[in-house]
Amino acid sequence: MNIYVLSLETAVKRRENVSNTFSELGIPFSFESAPNGKNLPNDVFLKHYNSTKNGKTAKRALTKNEIACLMGHRKIWQKIATGDAPLGLVLEDDFDFCASPQEFLDGLGTLSSSIAEQLMIKIDGYSDQGTVLGRVAGHDFCVSSRIAPRTTGYVLGRQAAQSLLRSFQSIGRPIDSEIKHYWEHNVPVLFITPQLVREGPLGQQSSIDSARNREKSKSLLVRFWKNFRYTAAMQINRMRHPCGVERYPVLSKLQQELAARK
């Protein structure tokens, strides 16, 4: 399995921290350079920004940093989609491992390729509400209609990467919010517990978060309305499109495969 770490070329301290982490673990990885939102040309920004969708479904306008983040993830998805391996691990450079990932990565390698390549497995957060499908290397594989925010760390299958590339040519919401809308991109998104990755201390210095705050409306009434509209739409669509084995036949196959290992 190839491991990709998304990082700005200028993020020297973060890159040094990532290199030290993998050096200590003895695990190979590669950096994937993310575009810098500050230098993103307007025509490139507008190409990937669906302003119509944003106005109808988002809490606020998107920033250049968020579009640059999407572009960086898409570069990695393209490599996974056209690669030989059924799975790839994607990390942002502010990640911190909660435990050594080697056993978990080895466990993923034992999954049937035809199943694994259809999945997205978030390893950076979990939901209190979820159905356990099985266990791999000490981690429960779970599915829930409530998907945790952020894209700090996730495993992505080859076929799933192809689906996300088609769905996210442009976005109207932040990338982690888009992923939460699984009924739109139709990729089964799992999470593991205990989680394997968390946001490290350097994540508190995120330029994306600070830019997000600047884009929030100064009107409390407008912010209330957009938050209410977003939350209500999420609740309705979760009820209309429950996430589970009934929606995704591949999850039933995964459940059976993991059960056979007991």
Side-chain angles (χ1 to χ4, degrees), residues 1-50 62-85 87-97 101 105 120-124 149-158 160-171 173-179 196-212 214-215:
M1 181 189 306
N2 293 321
I3 300 175
Y4 305 94
V5 180
L6 186 62
S7 177
L8 290 173
E9 290 185 355
T10 55
V12 177
K13 188 174 182 180
R14 290 189 179 201
R15 288 193 169 215
E16 181 181 352
N17 184 59
V18 170
S19 296
N20 290 338
T21 296
F22 281 108
S23 177
E24 292 173 1
L25 292 169
I27 298 176
F29 78 101
S30 61
F31 282 115
E32 186 64 46
S33 295
N36 192 326
K38 293 180 180 179
N39 305 324
L40 199 66
N42 283 332
D43 61 330
V44 176
F45 171 71
L46 294 174
K47 176 183 177 182
H48 295 284
Y49 183 26
N50 189 331
L62 295 188
T63 68
K64 285 189 173 183
N65 284 339
E66 288 172 312
I67 295 299
C69 182
L70 164 71
M71 293 171 63
H73 281 273
R74 279 182 55 87
K75 286 172 65 178
I76 297 176
W77 297 348
Q78 187 65 48
K79 290 189 174 184
I80 296 174
T82 57
D84 295 329
L87 291 170
L89 173 59
V90 184
L91 298 165
E92 294 180 341
D93 63 2
D94 57 352
F95 80 92
D96 188 18
F97 283 124
L105 297 179
M120 180 177 192
I121 308 167
K122 285 178 61 64
I123 61 174
D124 58 356
R150 298 198 177 276
T151 49
T152 310
Y154 57 91
V155 176
L156 189 64
R158 182 169 46 208
Q162 295 167 2
S163 296
L164 293 184
L165 284 168
R166 289 192 297 269
S167 298
F168 296 162
Q169 296 182 43
S170 65
I171 59 173
R173 298 171 293 235
I175 182 173
D176 56 340
S177 180
E178 293 281 13
I179 289 172
L196 188 59
V197 162
R198 61 187 169 224
E199 187 182 69
L202 293 177
Q204 305 304 316
Q205 305 167 20
S206 170
S207 59
I208 290 181
D209 286 345
S210 59
R212 282 178 175 178
R214 290 194 296 271
E215 286 297 328

Where do F168 and R74 come nearest, in terms of heavy atoms and distance?
O-NH1, 3.1 Å
Nearest 0.5 angstrom please: C69 SG to E92 CD, how far?
5.0 Å
For the student: nearest non-hydrogen atoms of D93 and L8, plus distance:
OD2-N, 4.1 Å
Side chains of L25 and P101: does their closest heavy-atom pair fall under 4.5 Å?
yes
Parallel, tilted or perpendicular: which describes the rings of F95 and F22, with under 30° parallel and over 60° perpendicular?
tilted
Quick one, R173 with E66, criterion side chain to side chain contact (heavy atoms under 4.5 Å, CB included). Give me CA distance, side-chain angles, the key distance, then yes/no.
CA-CA 9 Å; R173 298 171 293 235; E66 288 172 312; over 6 Å; no
Check P35 against A68 and note the closest heavy-atom contact, atom names and distance.
O-CB, 3.3 Å
Taking every non-hydrogen atom, the tightest pair across L6 and A34:
CD1-CB, 3.6 Å
Working note: H48 + I171, criterion side chain to side chain contact (heavy atoms under 4.5 Å, CB included); need CA distance, chi angles, decisive distance, verdict.
CA-CA 6 Å; H48 295 284; I171 59 173; over 6 Å; no
L105 CG to I27 CD1 distance, which is reported to the nearest 0.5 Å
6.0 Å
Which word best sums up how the rings of Y49 and F45 line up, parallel for under 30°, tilted for 30 to 60°, or perpendicular for over 60°?
tilted
With under 30° as parallel and over 60° as perpendicular, where do the rings of H73 and W77 fit, or are they tilted in between?
tilted
Mind checking the NZ-CD spacing from K79 to E32? Nearest 0.5 Å is all I need.
3.5 Å
Sub-4.5 Å side-chain heavy-atom contact between P174 and L62:
yes
Carefully, step by step, assess V90 and I80 under the rule side chain to side chain contact (heavy atoms under 4.5 Å, CB included).
CA-CA 10 Å; V90 184; I80 296 174; 3.9 Å; yes
Criterion side-chain hydrogen bond (donor to acceptor under 3.5 Å, both in side chains) on N42 and K64, from CA distance to verdict:
CA-CA 9 Å; N42 283 332; K64 285 189 173 183; 2.8 Å; yes
Determine whether V18 and F31 satisfy the following criterion, side chain to side chain contact (heavy atoms under 4.5 Å, CB included), listing intermediate values before the conclusion.
CA-CA 9 Å; V18 170; F31 282 115; 3.9 Å; yes
Could you tell me the separation between the CD atom of Q169 and the CG atom of L70, rounded to the nearest 0.5 Å?
10.5 Å
Correct closest heavy-atom pair for A81 and R158 would be O-CG, 3.5 Å
How far does CG of L91 sit from CD1 of I123, to the nearest 0.5 angstrom?
5.5 Å
Can you tell me how far CG of L156 sits from CD1 of I76, rounded to the nearest 0.5 angstrom?
10.0 Å
Below 4.0 angstrom, N of the basic side chain to O of the carboxylate: do D96 and R198 qualify?
yes
Shortest non-hydrogen contact between P149 and D124, atoms and distance
O-OD2, 4.4 Å
Are T152 and E199 linked by a side-chain donor-acceptor pair shorter than 3.5 Å?
no
Could you check whether any side-chain N or O of N17 sits under 3.5 Å from a backbone N or O of K13, counting only pairs where one atom can act as donor and the other as acceptor?
no
Consider only side-chain N and O atoms of S7 and R14, and report whether a donor and an acceptor are under 3.5 Å apart.
no
